[in-house]
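Data block below; observations after.
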Amino acid sequence: MAKIIQEHDKCIGCSSCVALCSRFWEMADDGKARPINSEKKGQNYELELETPGCSKEAAEACPVQCIMVKE
Ligand code: F3S
């Protein structure tokens, strides 16, 4: 299992994650991204997946490094 964690308050809404990984990422009403079907935990959004797939590319591309992938 992999866990995707986004520090949502750090996101600047550049949407690179959505462009690279629209299967798992969407833009929210606040103009920032979040993982689709994720759970809000404090300031973060968390999502568990079998494998991180393109969220790895999203994490690498994020200009403020607010996406973490734990495997
Ligand atoms: Fe935000 Fe980073 Fe995506 S800044 S929109 S989480 S690439």
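Note that ligands are numbered from 1 as they come in the structure, with each ligand's atoms numbered from 1 the same way.
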With sequence neighbours excluded, tell me which residues meet disulfide bond (SG atoms under 2.5 Å apart) with Cys54.
Cys21

Minimal non-hydrogen separation, Lys10 against Cys66, with atom names:
CB-CB, 3.7 Å

In the protein, N/O/S atoms that are found under 2.8 Å from atom 2 (Fe) of ligand 1, waters not counted:
Cys62 SG

So, Lys32 side chain and Asp9 main chain: donor-acceptor pair closer than 3.5 Å or not?
yes

With a cutoff of under 4.5 Å between side-chain heavy atoms, which Ile, Leu, Val, Met, Phe, Trp and Tyr residues group with Ile4?
Val18, Phe24, Trp25, Met27, Leu47, Leu49, Ile67, Val69

Under 4.5 Å side-chain heavy-atom separation, chaining through any Ile, Leu, Val, Met, Phe, Trp or Tyr, what else clusters with Met68? Say none if it is isolated.
Ile5

Of all heavy-atom pairs between Gln6 and Arg34, which one has the smallest distance, and what is that distance?
OE1-CA, 3.7 Å

